Participant: 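Got a structure here, written out as structure tokens. Questions coming.
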2 protein chains.
Amino acid sequence: MARDARSTREQIIQAADALFYGEGIRSSSMDAIAAKASVTKRTIYYHFPSKDDLIAAYLAARDEPTFARQAAWLDETKGDLPAQVLGLFENLARAMNTPRWKGCGFIRAAAELAGTPAHPARKIASAHKKRFEAWLEDRIAATGLSEPALRARQVMLLLDGAAAQVLIHRDPAYALAAGQAAAALVTKTA
Amino acid sequence: MARDARSTREQIIQAADALFYGEGIRSSSMDAIAAKASVTKRTIYYHFPSKDDLIAAYLAARDEPTFARQAAWLDETKGDLPAQVLGLFENLARAMNTPRWKGCGFIRAAAELAGTPAHPARKIASAHKKRFEAWLEDRIAATGLSEPALRARQVMLLLDGAAAQVLIHRDPAYALAAGQAAAALVTKTA
DNA sequence: GTCTATAGCTTGATAGAC
DNA sequence: GTCTATCAAGCTATAGAC
């Protein structure tokens, strides 16, 4: 008790993350989330008006850590940009190789909510992807390559393609093939 | 009445397709599918032992038409292979531009069922993607390009990346950017 | 092979005490 | 702000008639 509102809220979001990401959004009940967060359902509904709001809060909370992890995967790789982009995909492939990895949470949310186009979580997913695309564009532009916006977008397409195909085939080799193509996209031609 | 077993079964699958693809798998109840198919739930359970079996049958029924449509999009485009690959993505972008399009049914099923790794529908999704990848490899190999398997895989990564990103952003321009990159991947270098 | 009817459980959300 | 208690509706699946 005497736990302030902020930490209760975060505890609920953390429980929602474990279940929404681990089992799927529609498969996770408010009962299960309440149990995992060690609060009652009534407390969840005090902090979030509805399950849809909790879904949106879950995705919003994933934005920053996901962005930071991927940016670090690129930044911590030594070498020029093509080498760094390859490093990003190699780190991704490594992360995919654990049983805990179950796809990109943003793609999976968009997939589950495809029948509800006006869902508040959809714009959060879109903004997250656009944010990383813009970050990549800056990195590419800094090398002096032409068409940095197009190249950044194509790297993103390979990144999400890797997430989709590894989810389907359960084979991180697809991420490495994507990394090769992505590195070539940011390589200066002679 | 006097409808044979085959057509009842197909009618159920057709109703399941409309709801599973349109609203999502977990969001579609057996009640709703029965109503749409104009049969009772008991009839569905006569033809399919469980909802999971119906999900697998739904995906299996999507394999051939999806494959044929995409193959036709490439075959019906005039020109060399890079032009045909670009045509494939242009046709895809056109299809995505309708309100009925709600992503790739196979990716979405894998996303919804990510929490159930042993689900029978998962291997159907994997086989479908591998089938088109192999078909692309044949087309690429026929042009004499090196590493046809790798190039086919990379085109697939861009294809699924386009499906994922257009689902998230609702902007077919992403599919065209993917098409440019895919065409470059199957272009002979000087 | 298809029906009516229902079991048995889970769902998202709410009432009202403290 | 968090609790106990509960609702009405929805869910997958089954029993048994014809």
Side-chain angles (χ1 to χ4, degrees), chain A residues 1-59 61 109 112-113 115-116 118-122, chain B residues 1-59 61 109 112-113 115-116 118-122:
Chain A
M1 71 297 263
R3 191 203 292 133
D4 70 349
R6 179 88 169 293
S7 98
T8 299
R9 195 189 144 92
E10 282 170 5
Q11 203 167 336
I12 293 166
I13 289 181
Q14 191 177 341
D17 183 278
L19 288 167
F20 285 160
Y21 182 76
E23 307 294 332
I25 292 171
R26 288 283 315 216
S27 300
S28 302
S29 69
M30 296 296 266
D31 280 285
I33 294 164
K36 184 132 200 154
S38 300
V39 298
T40 61
K41 251 190 306 186
R42 196 66 189 81
T43 299
I44 296 183
Y45 278 99
Y46 172 81
H47 289 279
F48 304 94
S50 71
K51 185 177 181 180
D52 285 334
D53 289 278
L54 181 55
I55 295 167
Y58 144 72
L59 266 199
E112 276 208 63
L113 305 174
T116 315
H119 199 287
R122 302 220 27 188
Chain B
M1 71 299 262
R3 192 203 292 132
D4 71 349
R6 179 90 168 293
S7 99
T8 298
R9 195 189 145 92
E10 283 170 3
Q11 204 168 334
I12 293 167
I13 289 181
Q14 190 177 341
D17 184 276
L19 288 167
F20 284 160
Y21 182 76
E23 308 294 333
I25 291 171
R26 289 281 316 214
S27 301
S28 302
S29 69
M30 296 296 265
D31 279 287
I33 294 165
K36 184 131 199 155
S38 300
V39 299
T40 61
K41 252 190 302 187
R42 196 63 188 84
T43 299
I44 296 182
Y45 279 99
Y46 172 81
H47 289 280
F48 305 93
S50 71
K51 185 176 180 178
D52 285 334
D53 290 278
L54 180 56
I55 294 166
Y58 144 71
L59 266 200
E112 276 207 63
L113 305 174
T116 315
H119 199 288
R122 301 217 33 183

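This one's a predicted model, so the numbers in the text were calculated from it and none came from an experiment. Chain letters run A, B, ... following the sequence lines, proteins first and then strands; every chain starts at 1.
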Participant: Below 4.5 Å, heavy atoms only, C-beta onward: do I13(B) and F48(B) meet side chain to side chain?
Facilitator: yes

Participant: Does any N or O in the side chain of E112(A) come within less than 3.5 Å of the main-chain N or O of R26(A), such that one atom is a donor and the other an acceptor?
Facilitator: yes

Participant: Test I25(A) against every option in L59(A), I55(A), L19(A), D52(A) by the side chain to side chain contact (heavy atoms under 4.5 Å, CB included) rule and name the one that passes.
Facilitator: I55(A)

Participant: Among dG1(C), dG1(D), dG12(C), find the nucleotide with the atom closest to the side chain of Y46(B).
Facilitator: dG1(C)

Participant: OH of Y45(A) versus P of dT6(D): gap in Å, rounded?
Facilitator: 19 Å

Participant: What is the distance from NE2 of H47(A) to P of dA13(C), rounded to the nearest Å?
Facilitator: 16 Å

Participant: Using the side-chain heavy atoms of D31(A), tell me which of these nucleotides is nearest: dT6(C), dT11(C), dC3(D).
Facilitator: dT11(C)

Participant: Base, sugar-phosphate, or nothing for S27(B), non-hydrogen atoms under 4.0 angstrom?
Facilitator: nothing

Participant: In whole Å, what is the span from the CD1 atom of I44(B) to the P atom of dT2(C)?
Facilitator: 11 Å

Participant: For the side chain of S50(A), counting heavy atoms from C-beta on, which of dA13(C), dT2(D), dC11(D) is nearest?
Facilitator: dA13(C)

Participant: In whole angstrom, what separates I25(A)'s CD1 from dG12(C)'s P?
Facilitator: 12 Å

Participant: Phosphate oxygens OP1/OP2 of dC3(D): is one of them under 4.0 Å from a side-chain N or O of T40(A)?
Facilitator: yes

Participant: Nearest whole angstrom, please: distance from the P of dT11(C) to the CG of L54(A).
Facilitator: 15 Å

Participant: Under a 4.5 Å cut-off applied to non-hydrogen side-chain atoms, are T116(A) and R122(A) in contact?
Facilitator: no

Participant: Check nucleotides 16-18 of chain C against the protein and report each pair of N or O atoms closer than 3.5 Å, with its distance, or say if there are none.
Facilitator:
from	atom 1	to	atom 2	distance (Å)
dG16(C)	O6	R42(A)	NE	3.4

Participant: Counting only N and O atoms by type, is there a donor-acceptor contact under 3.5 Å from the side chain of T43(B) to the main-chain atoms of V39(B)?
Facilitator: no

Participant: Expressed in angstrom and rounded to an integer, what is the separation of R26(B) atom CZ from dT12(D) atom P?
Facilitator: 8 Å

Participant: With a 4.0 Å limit, can you tell me whether T43(A) has a side-chain N or O closer than that to the phosphate oxygens OP1/OP2 of dC3(D)?
Facilitator: yes

Participant: Let me see the working for F20(A) and I33(A) under side chain to side chain contact (heavy atoms under 4.5 Å, CB included), right down to the final yes or no.
Facilitator: CA-CA 9 Å; F20(A) 285 160; I33(A) 294 164; 3.6 Å; yes

Participant: Select base, sugar-phosphate, or nothing to describe what S29(A) touches, counting heavy atoms under 4.0 Å on all strands.
Facilitator: sugar-phosphate

Participant: Please report, rounded to the nearest Å, how far the P atom of dG1(D) is from the CD atom of Q11(A).
Facilitator: 15 Å

Participant: Any idea which heavy atoms bring R9(A) and A57(A) closest together, and the distance?
Facilitator: NH2-CB, 4.3 Å

Participant: Can you tell me the distance, in whole Å, between the CD1 atom of I55(B) and the P atom of dC11(D)?
Facilitator: 14 Å

